[in-house]
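Scope of the values below: all heavy atoms of this structure, side chains included, with no hydrogens, waters or symmetry mates. Just so you know, residue 1 is the first one in the sequence shown, and it goes up from there.
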Amino acid sequence: MKKTICIVACVLFVFALASCGLREATEKARDSVSNLLGALGEGDYEAAAGFMHPSSESATKEAMERFDKGLAEKGIALSEGVTVTEMEDFNFSLSDSYYGGSVYEFEFSAEIGEKKCTVKAEVHENAGGFGVYKINIGSK
């Protein structure tokens, strides 16, 4: 009986440790998206590019500037501030074959200035690095 209790306790301890690690990784991924949006809002495209995954084609200052200006043309000005109003979806997956690591997917509603928007972001963590791989922002 004592041996069974010990085994169950060990299994629970391992799950608790794994849960803490996932929570920290999820917070790191969420912070990367938040920092990317903040840097874009400040017009600091070089810093914004630094929050992108190194293998992303958008991990350049020029790509970040084009993205921000494209949003502005649609009436979405990140410089007016981003307020998350509702987290709609979150997915985590571990892929050895395609991504070669972890993928965090976020979808949330936000107010960007006065405009109601949906933000979808994908953060990758693999041997190539860590960062936002892609982000989509659309108005509702």
Which heavy atom in [X] sits nearest to a heavy atom in [Y], and how many Å separate them?
X    : Y    : value
A59  : P54  : CB-O, 4.4 Å
A110 : V82  : CB-CG1, 4.1 Å
A121 : V33  : CB-CG2, 3.7 Å
A77  : I112 : O-CG2, 3.4 Å

Is any side-chain heavy atom of [Y] closer than 4.5 Å to one of [X]?
X    : Y    : result
K120 : I135 : no
K115 : E111 : no
L78  : L71  : yes
L37  : I137 : yes
V119 : E107 : no
L36  : M64  : yes
Y104 : T26  : yes
C117 : I76  : yes

Please lay out, stage by stage, how F92 and V103 fare under the test side chain to side chain contact (heavy atoms under 4.5 Å, CB included). CA-CA 6 Å; F92 168 76; V103 178; over 6 Å; no
[atom1]-[atom2] distance between [X] and [Y], expressed to the nearest 0.5 angstrom:
X    : Y    : atom1 : atom2 : answer
K134 : E122 : NZ    : CD    : 4.5 Å
E86  : T118 : CD    : OG1   : 10.0 Å
E65  : D44  : CD    : CG    : 11.5 Å
E42  : D68  : CD    : CG    : 11.5 Å

Which is it for S58 and F67 under the side chain to side chain contact (heavy atoms under 4.5 Å, CB included) test, yes or no, and what are the steps along the way? CA-CA 9 Å; S58 299; F67 180 69; over 6 Å; no
Step by step, would you call E88 with K140 a salt bridge (Lys or Arg N to Asp or Glu O under 4.0 Å)? CA-CA 14 Å; E88 294 177 10; K140 289 187 171 186; 3.4 Å; yes
Stepwise side chain to side chain contact (heavy atoms under 4.5 Å, CB included) test for D89 and E105: CA-CA 8 Å; D89 196 16; E105 296 174 307; over 6 Å; no
Only one of F130, Y133, F51 forms a side chain to side chain contact (heavy atoms under 4.5 Å, CB included) with V123, so which one is it?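 The option that passes is F130.
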Partner residues of F106 under the ring pair (Phe, Tyr, Trp, His ring centres under 6.0 Å) criterion, sequence neighbours left out: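 Once residues adjacent in sequence are excluded, the partners of F106 under the ring pair (Phe, Tyr, Trp, His ring centres under 6.0 Å) criterion are F90.
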Considering only NZ, NE, NH1 and NH2 on the basic side and carboxylate oxygens on the acidic side, decide whether K69 and E62 come within less than 4.0 Å.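 No, K69 and E62 are not salt-bridged.
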With S55, which residues qualify under side-chain hydrogen bond (donor to acceptor under 3.5 Å, both in side chains), at least two apart?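 Only H53 meet the side-chain hydrogen bond (donor to acceptor under 3.5 Å, both in side chains) criterion with S55.
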Spell out, as yes or no, whether a donor-acceptor pair under 3.5 Å connects the side chain of S102 to the backbone of L94.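 No; zero donor-acceptor contacts below 3.5 Å.
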